[in-house]
Amino acid sequence: MPMIDADGCLLNVSVEGRDGGPTLMLSNSLGCTLQMWEPQMKALTQVFRVIRYDRRGHGKSNVPPGPYTMERFGRDVLAILDDLNIEKVHWCGLSMGGMVGQWLGANAPERFGKLILANTSCYYAEPTKWLERIDAVKKGGIAAVADAVIAGWLTQDFRDREPDITARMKSMLLASPVEGYLACCEALSTLDQRELLPKIKSPTLVIAGRHDMATPISAGELIRSRIPGASMTIIDAAHISNVEQPHAFTDAVVGFLTQR
Ligand SMILES: O=C(O)CC1=CCC(=O)O1
């Protein structure tokens, strides 16, 4: 896996899949590494060259001091594409990954074919919940918020049915570097990309989770309504819908990206 330099921050990047196929870039949720896409990799790599990466502050990437911004996260992606000499990709980002996708679609449209913005938001009407989370993590580490976060990621039904997957997701969250996690929460506390959305010209699919309380269907609907021509699919899942409903998620991604 290459480490790619984005303005002095080394980012952990993985490139797999079909050589010469169209390229799809995947972008993670807060507190997740590129491993979160494991349920999709077998199917996606048969059709696409797939780029995954750990956002700065996460996984095996460096953890420079915050604050971070959506622009910084977007420029990190452009640095990865430049380093790999890749002109244009499709984008699928979940949660924060969808927020970075909004920034990129509006600010670097020539680099993106189609966009998939899953379980995401363009702003938070109640940013105080991020300030409270920052406070709790500063006092007690990520363990202080882990159970509540996991309850938002996966429905109770899924957690009862799939304790091993749930435990793996919790370990991934708990392994997040605290400084990186906090710097990302700070970026979320000031998020407002509502004015960017009408600038997005790429064909866009918004995916929402029927049981997602973190970025509810109404947040997805707001994004859909502001991006010209965007469509929306609802999956029977909570926030991390690609893990909770891997087949439905993969089908939605492949169907949208391969349709003419
Ligand atoms: O981790 C969460 O609580 C949910 C979330 C919101 C933005 C994001 O990336 O994850």
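Ligands are counted one by one from 1 in listed order, and the atoms in each one are counted from 1 as well.
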Checking [Y] against [X]: is there a side-chain donor and acceptor pair closer than 3.5 Å?
| X | Y | value |
| --- | --- | --- |
| H239 | T215 | yes |
| T33 | Q35 | no |
| T250 | Q40 | yes |
| Y53 | S27 | yes |

Nearest-neighbour protein heavy atom for [atom], which is reported as residue plus atom name and distance:
| atom | answer |
| --- | --- |
| atom 7 (C) of ligand 1 | S95 OG, 2.9 Å |
| atom 1 (O) of ligand 1 | W153 NE1, 3.1 Å |
| atom 3 (O) of ligand 1 | R133 NH2, 2.6 Å |

Residues forming a side-chain hydrogen bond (donor to acceptor under 3.5 Å, both in side chains) with H90, sequence neighbours excluded: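 H90 satisfies side-chain hydrogen bond (donor to acceptor under 3.5 Å, both in side chains) with no residue once adjacent residues are dropped.
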
So is Y124 touching ligand 1 or not, going by heavy atoms under 4.0 Å?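 True for this residue.
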
If you measure from each heavy atom of S29 to ligand 1, is any distance below 4.0 Å?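 Contact present.
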
Could you label the plane-to-plane angle of the H58 and Y181 rings as parallel, tilted or perpendicular, counting under 30° as parallel and over 60° as perpendicular?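 Correct class here is tilted.
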
Would you say the rings of Y124 and W130 are close, in the sense that their centroids are separated by under 6.0 Å?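 Yes, close enough.
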
Which bit of [X] is near ligand 1, meaning a heavy atom under 4.0 Å away: side chain, backbone, both or neither?
| X | result |
| --- | --- |
| Y181 | neither |
| L30 | both |
| K129 | neither |

Please list, in number order, the atoms of ligand 1 under 4.0 Å from a heavy atom of V149.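 So the atoms of ligand 1 that pass are 1 (O).
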
